[in-house]
Amino acid sequence: MPAWLAWLAVAAVLGVIEMTTLTFAAALMAVAAVVAAVVAGVGGGLVAQALAFALASGAALAAVYPLATRWRAPSSSYRSGVAALPGRVAIVLEQVDAFSGVVRIGAEVWSARAYDETLVIAAGTPVSVFEIEGATALVYPKELP
C-alpha cells in the first residue's frame, strides 16, 4: 500500500473518531494526516511525512486553541442557584435590622438581616444582596445614583 494512501486511511479513521467523540482534536489530527499524505504523494520520505504530520498538528492546535479559549466561557463565570444571588437587587417587604426582616429577590421571598448590624432598613427600600447565609439574605441599602 502506498504511504499516501495509508495517511488518508489514518485521516479517515480520525474523522470517524471525531464524529463519535466531538473533541475537535481528532479533526485537527485528521487534517495533519492529509498534509502528511500530500508529502508522501510528492515523494517525501517517512521522516518528512512524520515531521509534516507533527508540524501540521502543532500549527493547527496553535491556530485554533486561542480562538477556542476566547469563545469558551470559564465555568466559574456561570453562577446558578443561591450562588447567583449575591449582587442582585432586592426590595424590603418587612423592616430589616440586625436580627430579622423579609426581602423579595426577583419572585422569591427571603428572610433577611442587615449586613451592617447598626442599620435598620425600612420596608420598600431597594437593597443589594451581599451574601446568603443558610436561608437568610444579608443585605445592605442600595446606593442610588
Participant: Spell out, yes or no, whether V127 and V129 are grouped together once hydrophobic residues are joined by side-chain heavy atoms under 4.5 Å, including indirect joins.
Facilitator: yes
Participant: Indicate the ring-plane relationship of F130 and Y140, choosing parallel, tilted or perpendicular according to the 30° and 60° boundaries.
Facilitator: perpendicular
Participant: With a 4.5 Å heavy-atom cut-off, do V39 and W7 have their side chains touching?
Facilitator: no
Participant: Are L51 and V35 connected in a single hydrophobic cluster, I mean Ile/Leu/Val/Met/Phe/Trp/Tyr linked by side-chain heavy atoms less than 4.5 Å apart?
Facilitator: no
Participant: Within this structure, what is the CZ-OG1 distance for the pair R113 and T136, rounded to the nearest 0.5 Å?
Facilitator: 6.0 Å
Participant: With clusters defined by side-chain heavy atoms of hydrophobic residues (ILVMFWY) lying less than 4.5 Å apart, directly or transitively, does W4 cluster with M1?
Facilitator: yes
Participant: Looking at A135 and S111, what are the two nearest heavy atoms and their distance?
Facilitator: O-OG, 3.0 Å
Participant: Write down the atom of Q49, the atom of A36, and the distance for their closest heavy-atom approach.
Facilitator: O-CB, 3.6 Å
Participant: State, to 0.1 Å, how close I17 and T20 come at their nearest heavy-atom pair, and which atoms those are.
Facilitator: O-OG1, 2.9 Å
Participant: Can you give the donor-acceptor pairs under 3.5 Å from side chains of residues 82-105 to other protein atoms, not counting sequence neighbours?
Facilitator:
unit_1, atom_1, unit_2, atom_2, d
D97, OD1, F99, N, 2.8
D97, OD1, S100, N, 2.8

Participant: Please round to the nearest 0.5 Å and tell me the distance separating atom CD of E131 and atom OH of Y115.
Facilitator: 6.5 Å
Participant: Any side-chain heavy-atom pair from W110 and I132 closer than 4.5 angstrom?
Facilitator: yes
